[in-house]
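Everything quoted here is computed from the prediction, not taken from an experiment. Letters go in sequence order (proteins before strands), and every chain restarts at 1. The basis for the numbers below is simple: all heavy atoms, side chains too, and nothing from hydrogens, waters or symmetry mates.
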Amino acid sequence: MTVENALLKDLQGRGLVAQMTGEDELEGHLSEGSRTLYCGFDPTADSLHIGSLVPLLALKRFQQAGHKPLLLVGGATGLIGDPSFKAEERKLNTPDIVNNWVEKIKTQVGRFVDFDCGEHSAEVVNNLDWTQNLDVLTFLRDVGKHFAVNQMIHKESVKQRIEREGEGISFTEFTYMILQSYDYQVLNKSHNCSLQIGGSDQWGNITGGIELTRRMNRQHVFGLTLPLITKADGTKFGKTEAGTVWLDPERTSPYAFYQFWINSADADVYNFLRYFTFLSVEEIEGVQRQDAEAQGRPQAQGILAKEVTRLVHGEEGLQAAERITQALFSGDTSALSEGDYQQLSLDGLPSSNLDVVNLADIPLTTLLSEAGLAPSGKQVKDALQRKAVIVNGDAYGMEDNMRAGEVFSSSQARFDRYFLVKLGKKKHHLFVL
RNA sequence: GGUGAGGUUCCCGAGUGGCCAAAGGGAUCAGACUGUAAAUCUGACGCGCGAGCUUCGGUGGUUCGAAUCCACCCCUCACCA
C-alpha cells in the first residue's frame, strides 16, 4: 500500500525528515484521517531556544494539514535529564526550579499552534501528571519489565556514555528512555496519539515508546524524527557571541533575533528557509534562482529574518526589529529624527543612561564594556586601537580612552541627549544623557 | 571497600621546580577584503587605560621560587569485590 501524502512529501522536500518508521504505512496512516501526534519539550532552562523551533514548526505543519498536535512539557523527564548523545552526566535541577520552567515553557510553546480550531485543536500536556503518583513497584513491574537492558545499552544515543573511557551514565539518566516511552504509551491510551516526532537524537527514545505501546496497548504507532540543524562551516547552529539564541524576547530581543537570521551564511540560508519558514519549496527555489542571477547581495537572508521573526515575535516584534536594523545599517545615522531615537530604545536597541558627573574619571574601555558592547575592556581596547569605535559618526582611538568627558560632552550629543555608539560593524548601543 | 587512571585558562589539549598568564588547535571578538555572507590574511583572546593584580580541583607544607615536589582532602572514570 503506497499512498501519496502531501504533508510527508512537503516535509521530505524540505529535508525535514531524518528518520521515520515504516514510510508506506505512515503515509497511509496520515492520509486516512486526522491523527493525533506529540512532541516533547524538556525544561532545561526558563526558555526554549531556536533549536526547538524545528519541532515546534513541524507540529504546526501537521496541524495545518489537519492533525491534532499535543505539546508535551517534560515536568517529569526534566527532573531526570535526557542522556541522548550528551557527552556527560548533567546535574539535577531542583523540583521547584523545573516546575517554574515548565510554566514558562508552556506559555511559550503555546504561541506556535492553534488551540481553537475544532477537533484538531492543540493541547499542552505535562508528563508529571501521570508519573508523579506512579509508585516504584508498579513502574518496575508494569513498565520496566518490557525493557531489555541488553537492548538499551546498545542504543546509539547512550553508546558514547557506555563505551567512552572517562565517562559513565547513572541509572537515573539511563532510565530516561523508559519514562519517555511510558509517555507515548499513556498518550496513546488517553488521546489515541499515534505519532511522535522529535529531533533525530530522539530516535532511540521514540522507538522505545513505539515498542512499549505495542506491548502494553497492542497498538501500532509511528515515529518520525527531524534533522539536526547544521551549518556549512561546521560551527554550532544557534549561537552568537552573546550566547544562545532564545525564543523568549526577554532573553534575546526581537532585534537580536532578527540579526541572528540576517547573518546566516549563503551556504545555509536556503536550507534555513526550508526548515524555518512556511514558504513553499517552489517559492524558496525561486528566491535562490533570483539570487544566483542577481549580482552581489542576496535577498534570502532578509526574507528568512523577516519570516522567522514574525513567527516567533509577531508582527510588532518584527517591525521593531526592522526599524532598528533600518536605522543602524542603512548608512547615515545623522538622518535620524529625535522621535527615531526615542523609538530605537523602545524597540529594544540596547541603551543606557549616561552619568555625566563621573565621566571624566572613567576610561572608555570600562564604560563601553559595562554598557555591554564587549565582554571585557580588553576587547574595547582592541577596537579602539583599530579605530572601530564610532560615536555619533566619529571614530575614536586609544588616545581618547581617558577622555570620555570630551567624547560624550553634551555639545556633541544629538538632540542634546543621544549618543549612538558603534563597536565594530554590528554592535550598537544608545547612550542617553 | 580494593586497584589503576585522571581533574590545566570558554572547549579540546600540551606543560612535570624558575625562560609560564601557561604550547597547539577549536570557538569567539576586532581590522583588511566584502554583501551585516563565506573563504583568506592580520591582530586580540584571565582581569586592568596603566603600574600591576589574580589563576592550573581544595587546603596546608617544602623551596629564594610551585601548574609542576610532599601531605591530607574533594570530585570523575575504569576494573575488581
Return the pairing partner of [N] with a 3.5 Å limit on both distances, Watson-Crick or G-U wobble; otherwise return none.
N	value
G65(B)	none
C53(B)	G46(B)
C20(B)	none
A38(B)	none

Describe the nucleic acid contact of [X] in one word from base, sugar-phosphate, nothing, applying a heavy-atom distance below 4.0 Å.
X	value
Asp233(A)	sugar-phosphate
Lys236(A)	nothing
Gln259(A)	base

Spell out yes or no: do the side chain of Lys378(A) and the base of G48(B) have one donor N/O and one acceptor N/O closer than 3.5 Å? yes

What about Asp266(A), does its side chain sit under 3.5 Å from the base of G35(B) through a donor-acceptor pair? yes

Is the shortest side-chain N/O distance from Lys427(A) to OP1 or OP2 of A30(B) below 4.0 Å? yes

Given C49(B), is OP1 or OP2 found less than 4.0 Å from the side-chain N or O atoms of Thr365(A)? yes

From A37(B), G31(B), G35(B), pick the nucleotide closest to the side chain of Lys426(A)? A37(B)

Ignoring the backbone of Ser376(A), work out which of G48(B), C29(B), G50(B) is nearest its side chain. G48(B)

Here the pair of heavy atoms bringing Gln379(A) nearest to Pro375(A) is OE1-CD, 3.3 Å

Hey, does the Lys NZ or Arg CZ of Arg414(A) hover above the aromatic six-ring of Tyr341(A), less than 6.0 Å from the centre and inside 45° of the axis? no

